[in-house]
Amino acid sequence: MRSLAKPLFNRLALIGAGLIGSSIARAARAQQVVRAITVTARSPATRQRVAELGFADAVVDTNAAAVEGADLVIVCVPVGACGTVAAEIGPHLAAGATVSDVGSVKGSVLRDMALHLPANVHFVPAHPVAGTEYSGPDAGFAELFVNRWCILTPPEHADQQAVERLAAFWRALGANVETMTAEHHDLVLAVTSHLPHLIAYTIVGTADELSQVTRSEVLQYSAGGFRDFTRIAASDPTMWRDVFLANKEAVLEMLGRFNEDVSALTRAIRRGDGESLFKHFSRTRAIRKGIVAIGQDSPAPDFGRPHPDLPMPPLPRPYATESE
Ligand code: NAP
């Protein structure tokens with residue numbers, strides 16, 4: 001049997017065990033990157049389900065109990081709840097522990113959490129840019145972060161060793177790690193993630209409200225692009241409500257630009273300006289090709305549907321075996 005090198009952390013505490021929290025637990029266990037995992041969740045039903053699924057060494061009832069003796073704490077709850085959770089765990093954190101999160105917005109989380117954390121812990125916020133439209137502990141899987149980006153947004157005077165240790169943790173889970181400021185993160189994600197979700201929520205709602213398009217027709221003919229929007233628009237309402245409230249400024253800025261571009265395309269259609277439309281669509285097609293070229297999506301046609309013939313990206317080889 002191969003002996004394992006020292007894991008990166010002794011005890012990982014996960015506050016929240018939905019899609020992201022449960023995927024971290026599964027991946028961290030598969031990669032043997034921590035010695036033990038303690039999990040808690042808000043509701044007794046979720047805690048019971050986590051115990052049944054068996055991806056944690058201990059399931060506890062309170063956030064305070066979860067962080068006892070943990071040297072890595074990752075808060076995996078909707079961004080609007082991160083401040084309250086930080087206030088609850090603050091007095092119970094072990095000296096020298098690293099505290100992180102997975103929130104899709106970073107500026108607000110940094111502000112809301114830092115306030116409640118003692119000076120003797122390392123606070124390094126993070127955002128794994130990986131997900132699906134499903135929620136809850138059953139939805140997670142160990143390969144979720146493979147070949148995805150995890151963005152760290154450490155505060156200005158963060159301890160570099162702590163930042164590097166957390167980066168190593170995410171790399172062991174298969175992610176590529178990037179570091180940037182929280183402000184820059186929020187601007188970039190506003191256009192790459194938040195705005196597309198807002199558009200999907202809007203278009204699916206609009207189609208649903210059109211009285212002349214009956215519900216059955218919307219469903220029947222949904223192959224024509226609409227189906228992909230419905231997948232995105234099925235994303236968790238609590239999570240996305242919190243994202244838009246927390247990243248208000250950047251989303252409004254990007255929405256302003258988007259509205260200008262929609263107006264330009266509207267004008268081109270009204271004027272029968274096919275050349276403008278063709279130029280625009282050629283540019284966007286090239287962007288899609290670029291995303292496939294850097295491995296951020298499958299080149300398989302009809303993306304968004306499961307392709308059982310395509311292999312699931314494997315987890316990287318188990319973290320740091322001594323015999324190699
Ligand atoms: P999820 O599957 O809905 O799980 C959320 C977890 O947080 C559950 O364990 C839930 O507990 C708990 N929770 C909910 N509201 C809470 C509150 N007010 N106080 C304490 N705990 C609460 O969500 P998720 O997709 O894992 O998302 C978690 C975080 O990851 C969010 O901040 C989100 O922005 C970020 N994120 C999500 C994605 C994605 O695609 N889903 C991608 C990257 C990052 P109960 O089950 O007991 O209610």
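Atoms within a ligand are numbered from 1 in the order they appear, just like the ligands themselves.
For atom 27 (O) of ligand 1, the candidate residues are T40, L189, T84, I20; the nearest heavy-atom contact is made by I20. Among V77, D138, V102, V85, the residue whose heavy atom sits closest to atom 31 (C) of ligand 1 is V77. Comparing A139, G136, G80 by heavy-atom distance to atom 2 (O) of ligand 1, the nearest is G136.
The proximity of T132 to ligand 1, defined as any non-hydrogen pair under 4.0 Å, is limited to the backbone. The residue C82 has no part lying near ligand 1, judged by heavy-atom distances below 4.0 Å. Within the 4.0 Å heavy-atom criterion, the part of C76 lying near ligand 1 is the backbone and not the side chain. For A130, every heavy-atom contact with ligand 1 shorter than 4.0 Å involves the backbone, none the side chain. By the criterion of a heavy-atom distance under 4.0 Å, the side chain of T46, and not its backbone, is placed next to ligand 1. Counting heavy atoms closer than 4.0 Å to ligand 1, residue M239 contributes side-chain atoms (C-beta onward) but none from N, CA, C or O. With a 4.0 Å heavy-atom cut-off, ligand 1 is reached by the side chain of H127 but not by its N, CA, C or O.
A donor-acceptor pair is defined here as one N or O able to donate and one able to accept, closer than 3.5 Å; such a pair exists between the side chain of N247 and the backbone of D186. At least one donor-acceptor pair under 3.5 Å links the side chain of H197 to the backbone N or O of S193. Under a 3.5 Å cut-off, the side chain of E133 and the backbone N or O of A234 do not form any donor-acceptor pair.
Judged by the shortest distance from any of its heavy atoms, I15 lies outside the 4.0 Å radius around the atoms of ligand 1. Within the 4.0 Å heavy-atom cutoff, S22 does not count among the residues contacting ligand 1.
Taking hydrophobic clusters as Ile, Leu, Val, Met, Phe, Trp and Tyr residues chained together by side-chain heavy-atom distances below 4.5 Å, L115 does not share a cluster with F123.
For atom 37 (C) of ligand 1, the nearest protein heavy atom lies under 4.0 Å away.
Taking the centre and axis of the six-membered ring of F9, the NZ or CZ atom of R35 falls outside the cone set by 45° and 6.0 Å.
Under the 4.5 Å side-chain criterion, counting only non-hydrogen atoms from C-beta, I74 is not in contact with I15.
Across V50 and A17, no two heavy atoms sit closer than the pair CG2-CB, 3.6 Å. What you find for V109 and C82 is that their closest heavy atoms are CG2-SG, 4.2 Å. Between V60 and T40, the shortest heavy-atom distance links the atoms O-OG1, 2.7 Å. The two atoms that bring P125 and K106 nearest to each other are CB-CE, 3.6 Å, heavy atoms only.
For atom 23 (O) of ligand 1, the nearest protein heavy atom (residue, atom name, distance) is L19 N, 4.5 Å. For atom 1 (P) of ligand 1, the closest non-hydrogen atom of the protein is G18 CA, 3.8 Å. Protein heavy atom closest to atom 33 (C) of ligand 1, with residue, atom name and distance, is S104 OG, 3.5 Å. When only non-hydrogen protein atoms are considered, atom 13 (N) of ligand 1 lies nearest to P78 CD, 3.7 Å.
Using a 3.5 Å distance cut-off with no hydrogens or angles, the side chains of S263 and T266 do not pair a donor with an acceptor.
In summary, D57 and R11 do not engage in a salt bridge, as defined by a charged side-chain N under 4.0 Å from a carboxylate O.
Taking only nitrogen or oxygen atoms, main chain and side chain alike, V243 does not reach within less than 3.5 Å of ligand 1.
Contact atoms of ligand 1 toward G16: 9 (O) (distance under 4.0 Å to a heavy atom of the residue).
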